Amino acid sequence: MPGRLLILGLALLAANAGGGELYRWVDADGKVHFGDRPPQEAQAESLDNKLKPINSAEPTRQQGFPNRRGAEQIEQDYAKRKQKEQHKLQRQQQQACARARKQLNILKGPVYFVDADGNESTISERQRVIEARKLEQQIHQHCG
């Protein structure tokens with residue numbers, strides 16, 4: 001149904017492009033209508049001064065289309081944003097690698113943990129080696 005209204009509106013616009021008046025109004029059901037005469041039962045808006053000719057001799061830049069410089073500026077802005085995102089990701093990866101290396105150095109020495117009650121607990125040598133190997137693999141895989 002909205003497609004029919006659009007087609008009707010476009011047909012009316014095309015028919016009236018040659019010089020007649022064009023009105024737009026909304027009926028009691030909320031439907032938008034177009035016509036060459038205002039209705040008696042509703043308040044209509046005249047569209048005559050709001051429509052531009054379709055086939056105009058004006059350059060496209062004056063009709064609001066971006067010129068070549070505008071397109072180049074958009075591309076440059078996009079490239080800058082992309083580069084900033086890449087730098088941010090690189091910084092995040094470097095920080096993650098630094099944390100992993102620090103954790104690995106901690107695991108290479110004597111390891112003990114403090115629980116929620118403040119008591120020290122240790123891990124077995126086997127568990128320490130397993131955790132150290134995991135970190136080494138992650139560092140090698142992600143940090144070079």
Side-chain angles (χ1 to χ4, degrees), residues 1-18 20-36 38-39 42-144:
M1 188 64 167
R4 288 183 184 170
L5 287 176
L6 178 62
I7 292 170
L8 176 64
L10 291 174
L12 288 172
L13 286 173
N16 286 301
E21 294 183 9
L22 181 63
Y23 296 91
R24 176 188 178 274
W25 68 94
V26 180
D27 67 13
D29 295 328
K31 294 180 182 177
V32 177
H33 299 273
F34 296 91
D36 59 352
Q43 180 73 23
E45 172 187 11
S46 175
L47 300 176
D48 289 342
N49 296 332
K50 296 182 180 182
L51 300 176
K52 290 186 177 181
I54 295 172
N55 294 327
S56 174
E58 297 177 44
T60 56
R61 184 172 56 239
Q62 293 176 355
Q63 293 179 1
F65 294 105
N67 58 19
R68 180 77 176 134
R69 176 66 183 132
E72 289 173 358
Q73 186 63 42
I74 290 170
E75 289 175 8
Q76 289 173 357
D77 292 346
Y78 176 77
K80 286 178 185 177
R81 279 194 307 265
K82 196 72 169 168
Q83 188 177 25
K84 284 182 182 180
E85 290 174 12
Q86 288 174 345
H87 287 305
K88 182 179 177 182
L89 289 174
Q90 287 173 348
R91 281 193 305 273
Q92 289 173 344
Q93 184 175 1
Q94 288 170 351
Q95 291 170 348
C97 289
R99 285 191 301 270
R101 286 185 180 108
K102 181 178 178 181
Q103 190 67 25
L104 179 61
N105 285 336
I106 290 170
L107 284 173
K108 287 184 177 181
V111 178
Y112 66 92
F113 296 95
V114 178
D115 63 16
D117 296 329
N119 300 321
E120 289 184 10
S121 63
T122 59
I123 61 172
S124 68
E125 179 63 18
R126 182 175 186 269
Q127 187 63 32
R128 184 190 68 77
V129 170
I130 290 170
E131 293 298 321
R133 285 184 183 155
K134 285 181 190 176
L135 278 172
E136 285 174 343
Q137 287 175 349
Q138 289 176 358
I139 291 169
H140 180 72
Q141 183 179 9
H142 299 289
C143 302

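Quantities reported herein were computed from a predicted structural model and do not represent experimental measurements.
- With rounding to the nearest 0.5 Å, the separation of CZ in Arg128 from CZ in Arg133 is 10.0 Å.
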Audit row: Val129, Arg126, side chain to side chain contact (heavy atoms under 4.5 Å, CB included) steps and yes/no: CA-CA 5 Å; Val129 170; Arg126 182 175 186 269; 6.0 Å; no

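- Applying the salt bridge (Lys or Arg N to Asp or Glu O under 4.0 Å) test to residues at least two apart or on different chains, the pairs with a partner in residues 134-144 are Glu131-Lys134.
- Among residues two or more places apart in sequence or in another chain, the salt bridge (charged side-chain N to carboxylate O under 4.0 Å, His left out) test is passed with Glu120 by none.
- For Asn105, there are no side-chain hydrogen bond (donor to acceptor under 3.5 Å, both in side chains) partners at least two apart in sequence or on another chain.
- In this structure Arg24 satisfies the salt bridge (charged side-chain N to carboxylate O under 4.0 Å, His left out) test together with Glu45, sequence neighbours excluded.
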With a 3.5 Å cut-off and sequence neighbours excluded, list the donor-acceptor pairs that the side chains of residues 82-102 form with protein atoms.
from, atom 1, to, atom 2, distance (Å)
Gln93, NE2, His142, O, 2.4

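- Interatomic distance, Asp77 CG to Glu72 CD, rounded to the nearest 0.5 Å: 12.0 Å.
- Contacts of Gln137 classified as side-chain hydrogen bond (donor to acceptor under 3.5 Å, both in side chains), with partners at least two apart in sequence or in another chain: none.
- Contact of the His33 side chain with the Asp27 side chain is registered, since non-hydrogen atoms from C-beta on lie closer than 4.5 Å.
- The two atoms that bring Gly35 and Trp25 nearest to each other are N-CZ3, 3.5 Å, heavy atoms only.
- Counting all heavy atoms, side chain and backbone alike, Phe34 lies closest to Leu22 at CB-CD1, 4.4 Å.
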